Participant: 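Below is one structure. I have some questions about it.
Because only heavy atoms are used, hydrogens play no part in the values below, and waters and symmetry mates are left out as well, while side chains stay in. Owing to the predicted nature of the structure, the values given are computational and were not obtained by experimental measurement. We count ligands from 1, going down the list as the structure has it; atoms in each ligand are counted the same way.
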Amino acid sequence: MWVEALDLVLQRLLKSGFDFGKIAAVSGSGQQHGSVYWKKGSSAILSSLDSGKPLVDQLGNAFSIKESPIWMDSSTTKQCREIEKAVGGPLELSELTGSRAYERFTGPQIRKIYQSQPEAYNDTERISLKVWSEIALEATAPGLKEKVGKLAPAYDVAGHIASYFVDRYKFNKKCLVVQWSGDNPNSLAGLTLSIPGDLAISLGTSDTVFGIATDPQPRLEGHVLPNPVDTEGYMVMLCYKNGSLTREDIRNHCAEKSWEIFNKFLEQTPPLNDGKIGFYYKDHEILPPLPVGLHRYELQNFKGDSLEGVNEQEVQEFDPASEVRALIEGQFLSMRAHAERFGMPSPPKRIIATGGASANHSILNSVASIFGCDVYTVQRPDSASLGAALRAAHGWLCNKKGSFVPIACLYKDKLEKSAFSCKLSVSAGNHELTSKYALLMKKRMEIENHLVQKLGRW
Ligand code: ADP
C-alpha cells in the first residue's frame with residue numbers, strides 16, 4: 001500500500017504536466033513507528049528497477065514482513081518489559097534513548113518479529129531506521145546493527161535520486177535526496193518551530209504536544225528526540241492516543257453528532273466547569289498509562305483560589321454540556337501538566353495549533369485560557385509534508401554551502417507570504433483564570449496519580 005501510494009503521488013504529478021526536472025532536492029515524511037523490513041536481496045532489486053513499470057509491480061517480493069506494524073499497535077507489552085529489564089530499567093532506557101519502551105515503538109516491534117517470526121527476521125536484510133545505542137540494540141534482537149544502517153543528521157544528503165525516477169519521471173539526474181524523517185519531526189519543521197518556548201499542539205487522530213528544549217530531562221512519560229532542524233538541542237514530545245476519535249465519540253453521545261452543538265455546550269458552560277473533572281479513555285491511553293475507561297469527579301468547595309478543604313467525589317455521569325467541557329478541559333490540563341513536568345517553558349511563548357480539531361475556535365479558546373498564551377493556527381493543514389519539503393530545501397542549502405546553516409535562513413522575514421505563515425487565532429486568556437486552572441490542574445494530577453496507582457498498566 002505504501003509503495004503504491006508513492007507510485008500514485010508521482011503518477012498524479014506526471015499527469016498534471018509537472019516538470020520534475022526543476023526539482024533540486026526531495027525529502028520525505030514517513031508514518032512514524034511504521035517500520036519497513038527489506039528482505040535479503042532487496043538492495044539488488046532496488047538497484048535494477050525497470051523504469052517502464054510501476055514500483056508496486058517490482059517490489060512485491062522485496063519485503064520480509066508484508067504488513068508493517070503501525071503506531072496503533074499495542075501488542076508488544078512483553079517485549080517492552082524485556083527490553084527495559086535488559087538495559088537496567090525503564091528510566092535507564094529513557095536516559096539512554098530519550099524514551100522508555102512503548103508498544104508502538106519500533107524496538108519492541110522488531111523484538112516481537114524476531115521472537116514470533118524468526119525466519120522472517122533472519123531473512124531481513126535492512127530495516128529502514130537510524131542507528132541506536134549498542135545496549136538498546138543488544139536488548140532488542142541479535143544482529144540488529146547491520147540491519148538498521150548508519151545514523152545521519154536530518155539535513156544530510158543521502159545521495160542523488162535513483163535512475164528509476166530520472167528515467168520514468170524525468171527528474172534531474174542531480175536532484176538530491178535529503179534524509180527522510182518521521183511525521184512528528186517533520187511537523188516541527190513545517191510549523192517553523194525554532195526556539196525553546198514555541199509549543200505545537202497537534203489535534204489529529206492522536207493528540208501530540210511538541211517543542212524544542214535545550215536541556216530536557218528524559219522521564220518515564222514523553223519522548224526526547226534529536227532536533228530535526230538543528231545540530232543542537234532536542235525535540236521533546238508528548239503523545240496521547242485518545243484524541244479526535246474520543247472527542248468524536250463524546251460529540252456523538254452528548255451533542256447529536258454535531259460540532260456546532262458541541263461548541264454551543266462549550267460556550268454555555270463556565271471555565272473550570274464548576275469543579276467537574278473527567279478522564280475519557282476510549283482506547284488504552286499512553287499518557288497516563290491507563291486502560292479503557294471513563295472516570296468522572298466533582299470537586300466540593302472548589303472556587304479556584306485554593307485547594308484547601310477541596311475534596312473530590314466520584315460520580316457516574318455529567319449532564320451533556322458539562323461532559324463536553326470536562327473532556328476538553330481535561331485534555332488540555334493534562335497537556336499543560338505533563339509539558340511542565342517535562343521541563344517545557346511555562347507559560348509557552350506561543351502555541352501553534354494544528355491537526356483537524358485546530359479548525360475549532362471554541363476548543364482553541366480553552367487552550368488559550370488553560371495555557372495562558374496566544375494560540376496561532378497555520379494556513380495549511382499538512383505540516384508534516386510541508387516540513388519534509390522544507391527540510392529538502394534545507395539539506396540542499398547546507399550541501400551548497402558545504403556546512404550546516406540554520407534552517408531559519410530559508411524563511412527569515414519571508415514567512416508572511418509563504419505556505420508556512422501562521423495567524424493569531426485566540427489571544428492569551430486572562431491571567432487570573434490561568435492561575436485558577438493551575439489549581440484545577442494540580443488536583444487533576446493528584447486524581448490521575450491515584451488512578452495510575454490503582455489501574456495503571458505498568
Ligand atoms: P490525522 O491525525 O488522521 O491526520 P487530522 O489532523 O486530519 O487527522 O484530524 C482529523 C480529525 O479532526 C477528525 O477525526 C475530526 O474528529 C477532527 N475534526 C475535524 N473538524 C473538527 C471540528 N470542527 N472540531 C473538532 N474536531 C474536528
Participant: In chain order, what residues pass the side-chain hydrogen bond (donor to acceptor under 3.5 Å, both in side chains) check against Glu221, with sequence neighbours excluded?
Facilitator: His338, Arg341
Participant: Tyr169: which residues meet the ring pair (Phe, Tyr, Trp, His ring centres under 6.0 Å) condition with it, sequence neighbours left out?
Facilitator: Phe20
Participant: Could you please spell out the steps behind the side chain to side chain contact (heavy atoms under 4.5 Å, CB included) verdict for Asn184 and Met235?
Facilitator: CA-CA 10 Å; Asn184 289 305; Met235 169 175 177; 4.0 Å; yes
Participant: For His253, what residues pass the side chain to side chain contact (heavy atoms under 4.5 Å, CB included) criterion, not counting sequence neighbours?
Facilitator: Asp249
Participant: Under a 3.5 Å threshold, I'd like every N/O contact between ligand 1 and protein atoms, with atom names and distance.
Facilitator:
from: ligand 1; atom 1: 2 (O); to: Thr205; atom 2: N; distance (Å): 2.8
from: ligand 1; atom 1: 2 (O); to: Thr205; atom 2: OG1; distance (Å): 3.2
from: ligand 1; atom 1: 3 (O); to: Thr205; atom 2: OG1; distance (Å): 2.6
from: ligand 1; atom 1: 6 (O); to: Gly356; atom 2: N; distance (Å): 2.8
from: ligand 1; atom 1: 9 (O); to: Gly356; atom 2: N; distance (Å): 3.2
from: ligand 1; atom 1: 14 (O); to: Glu248; atom 2: OE2; distance (Å): 2.7
from: ligand 1; atom 1: 16 (O); to: Glu248; atom 2: OE2; distance (Å): 2.4
from: ligand 1; atom 1: 24 (N); to: Asn360; atom 2: ND2; distance (Å): 3.0

Participant: Examine His223 together with Tyr102 and report whether their ring centres are nearer than 6.0 Å.
Facilitator: yes
Participant: On the six-membered ring of Phe279, is Arg444 placed so that its NZ or CZ lies under 6.0 angstrom from the centre and within 45° of the ring axis?
Facilitator: yes
